[in-house]
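Okay, so here's the structure we're looking at.
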Amino acid sequence: MKGFIAILVASVIVSGCAAPLKVESVSFRAPETIANHQEIDGLFVAVVPIDSEERSKEIFHTDMKTANILPVHVIVRHTGTKEFEINHQQMFGIQPDGSYDVAFTIGTAAQKVRSSSIGTTAVQGAAAGAIAGAVIGAGIGAGIGAAGGDAGTGAQAGAIIGGTSGAAAGTSHGLSDSFTIEFKKQLAMHAFEDKVIYPADMAQGFVYLPWKPYQKFRMVLFDIKDGTRKEIVFPISVSR
């Protein structure tokens with residue numbers, strides 16, 4: 001019976017505090033098949049803003065516009081013989097007035113998700129888990145207490161066990177809280193970090209910009225062999 005109680009209460013807590021932001025797998029097309037792609041010495045690069053609610057939910061299981069974050073999917077495939085380095089800190093969104101926006105760090109993006117309704121949904125779920133855990137614990141504890149002749153004591157103990165376990169999921173805040181850590185992990189999973197692209201390589205990942213009506217996306221390729229830097233600018237649009 002005790003094992004059954006533990007399993008039941010745990011299942012309520014887990015279902016209550018599951019993070020709504022989740023990145024499992026990402027499907028994408030080869031960059032040379034995407035309309036705005038560019039090619040330098042056999043290196044094909046394309047960028048795709050994830051600006052529709054449908055596509056955002058398909059990838060992130062939530063609408064990232066809610067957190068004012070525009071994920072931009074960067075996809076590369078190398079068919080040449082050179083080696084290139086791509087620095088994600090040299091990626092910028094360019095607004096219609098010509099102003100540049102730098103991408104959020106993973107930590108900042110995670111904080112923005114946490115402070116948005118995406119994060120509050122997770123916190124509310126944890127609170128619901130605490131309440132449900134207390135109710136279930138009290139009910140089952142009363143049953144056990146009744147069998148032993150003391151239903152009141154059993155209910156009190158069950159409520160304490162269920163309520164304390166459920167509440168633990170939602171006690172932390174800010175950068176140190178468990179939800180922000182989970183959001184950071186999910187966003188980092190497929191982030192486009194600094195990369196060296198070798199011949200025959202294919203790579204992809206996301207950079208996280210503030211949600212604005214960008215018209216261009218700028219990045220820099222470093223040719224390792226020649227020691228030269230090449231700026232490329234992509235025309236993009238944001239539909240919402």
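For the single chain, residues carry numbers from 1 onward in sequence order.
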Seminar exercise, completed: Nearest heavy-atom approach of K212 to L70 is O-CD2, 4.4 Å
Are the side chains of [X] and [Y] in touch, meaning some heavy atoms are under 4.5 Å apart?
{"X": "F222", "Y": "N87", "result": "no"}
{"X": "Q204", "Y": "F192", "result": "no"}
{"X": "I94", "Y": "F217", "result": "no"}
{"X": "P31", "Y": "V45", "result": "no"}
{"X": "M202", "Y": "F28", "result": "yes"}
{"X": "E231", "Y": "R218", "result": "yes"}
{"X": "L43", "Y": "K82", "result": "no"}
{"X": "V72", "Y": "M91", "result": "no"}

Problem set entry | Worked verdict on D41 versus F84 for side-chain contact (heavy atoms from CB on, under 4.5 Å) | CA-CA 10 Å; D41 293 328; F84 291 94; 4.0 Å; yes
Give, for atom [atom1] of [X] and atom [atom2] of [Y], the distance between the pair rounded to the nearest 0.5 Å.
{"X": "E85", "Y": "D223", "atom1": "CD", "atom2": "CG", "result": "11.0 Å"}
{"X": "S178", "Y": "R114", "atom1": "OG", "atom2": "CZ", "result": "8.5 Å"}
{"X": "L187", "Y": "I69", "atom1": "CG", "atom2": "CD1", "result": "6.5 Å"}

For this session: May I ask you to check whether H73 and F206 place their ring centres under 6.0 Å from each other?
Result: yes
Problem set entry | Centroid-centroid under 6.0 Å between H78 and Y198 rings | no
Problem set entry | Same apolar cluster: I106 and I118, side chain cutoff 4.5 Å | yes
Exercise. When hydrophobic residues are tied together by side-chain contacts of less than 4.5 Å, even through go-betweens, does I236 share a cluster with I50?
Worked result: no
Problem set entry | Test log, rule side-chain contact (heavy atoms from CB on, under 4.5 Å), inputs N36 and V47 | CA-CA 7 Å; N36 74 344; V47 297; 3.5 Å; yes
Problem set entry | NZ/NE/NH1/NH2 to OD/OE distance under 4.0 Å, D201 and K195 | no
Please check if the side chain of [X] supplies one atom and the backbone of [Y] the other of a donor-acceptor pair under 3.5 Å.
{"X": "Q95", "Y": "G98", "value": "no"}
{"X": "T180", "Y": "Q111", "value": "no"}
{"X": "D194", "Y": "H88", "value": "yes"}

For this session: Could you go through the side-chain contact (heavy atoms from CB on, under 4.5 Å) check for I59 and E24 one step at a time?
Result: CA-CA 7 Å; I59 296 172; E24 293 176 331; over 6 Å; no
Seminar exercise, completed: Applied to residues 56-66, the salt bridge (Lys or Arg N to Asp or Glu O under 4.0 Å) test, sequence neighbours excluded, yields E53-K57, R55-E58, D63-R240
Problem set entry | Chi angles and distances behind the side-chain contact (heavy atoms from CB on, under 4.5 Å) call for I86, M219 | CA-CA 8 Å; I86 300 177; M219 63 187 296; 3.6 Å; yes
Problem set entry | Cation over ring face, K185 and F183, 6.0 Å, 45° | no
Exercise. Under 3.5 Å, is there a donor-acceptor pair linking the side chains of S117 and T120?
Worked result: no
